[in-house]
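A short worksheet on the structure shown next.
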Amino acid sequence: QVQLVESGGGLVQPGGSLRLSCVASGSASFMYPMGWYRQAPGKQRELVATITRGRYTNYLDSVKGQFTISRDNAKNTVSLQMNNLQAEDTAVYSCNAQVGSVGYWGQGTQVTVSS
């Protein structure tokens, strides 16, 4: 069992920045791939960024160069640095862990970009 808790969401003006964090706990060793997803109302959930235990990363094309995913394996933590936020980035952001064939999700954190 893995529990994931996100934090760092909030209201920000266009051009602003936020840093999201996800802390994992439970019985599994922190060696599984993790990712950040987002879902806006009426839209399907999309994968924003992934990172392996060895820190190989992949990004949604539209956020490449704008967002940075990182992980601290000693602290079981994955972060998403989000810069130059725009209205289209507004969504609920969720942390995901893929532990073998089982996927775990956090409760999500709301990011709202508005002037």
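Note that CD1 of Ile69 is 11.5 Å distant from CZ of Arg55, once rounded to the nearest 0.5 Å. Taking OH of Tyr59 as the start and OG1 of Thr50 as the end, the distance is 9.0 Å to the nearest 0.5 Å. A distance of 10.0 Å separates CD in Gln66 from CG in Leu60, rounded to the nearest 0.5 Å. Taking OG of Ser94 as the start and CG of Leu4 as the end, the distance is 10.0 Å to the nearest 0.5 Å. Taken to the nearest 0.5 Å, the OG atom of Ser79 stands 8.5 Å off from the CG atom of Leu20. Separation of atoms OG (Ser29) and CG (Asn76) is listed at 9.0 Å; rounding is to 0.5 Å.
With hydrogens and angles ignored, the 3.5 Å screen pairs no side-chain donor or acceptor of Tyr32 with any backbone N or O of Thr52. In this structure, the side chain of Gln107 does not engage the main chain of Val5 through any donor-acceptor pair within 3.5 Å. Listed for the Thr109 side chain is a donor-acceptor partner under 3.5 Å among the backbone atoms of Gly9. Between the side chain of Arg19 and the backbone N or O of Gly8 there is no donor-acceptor pair closer than 3.5 Å. Under a 3.5 Å cut-off, the side chain of Glu6 and the backbone N or O of Cys95 do form a donor-acceptor pair.
A pairwise comparison of heavy atoms in Pro14 and Gln86 identifies CB-OE1, 4.2 Å as the closest pair. Across Phe30 and Arg53, no two heavy atoms sit closer than the pair O-CG, 3.9 Å.
Two residues are said to be in side-chain contact when any heavy atoms from C-beta on lie closer than 4.5 Å; Tyr104 and Gln1 meet this criterion. In this structure, Thr90 and Gln110 have side chains that are in contact, with non-hydrogen atoms separated by less than 4.5 Å. Residues Arg38 and Asp89 meet the side-chain proximity criterion, which asks for heavy atoms closer than 4.5 Å. With a 4.5 Å cut-off on side-chain heavy atoms, Leu18 and Leu85 count as touching. Side-chain contact between Ser17 and Met82 is absent, with no heavy-atom pair separated by less than 4.5 Å. Looking at heavy atoms from C-beta onward, Val78 lies in side-chain contact with Ile51 at the 4.5 angstrom threshold. Looking only at side-chain heavy atoms (C-beta outward), Glu46 and Gln39 stay at 4.5 Å or farther from each other.
Taking hydrophobic clusters as Ile, Leu, Val, Met, Phe, Trp and Tyr residues chained together by side-chain heavy-atom distances below 4.5 Å, Val12 does not share a cluster with Val92. Cluster annotation: Val102 is connected to Met34 through the hydrophobic network of ILVMFWY side chains, with a link wherever side-chain heavy atoms come within less than 4.5 Å.
Side chains of Thr77 and Asp72: a donor-acceptor N/O pair is absent below 3.5 angstrom, by distance only. Side-chain polar atoms of Arg45 and Tyr37 form no donor-acceptor pair below 3.5 angstrom.
Heavy atoms from other residues, nucleotides or ligands lying under 6.0 Å from CD of Gln13 number 12 at most.
Between Phe67 and Trp36, the gap from one ring centroid to the other reaches at least 6.0 Å.
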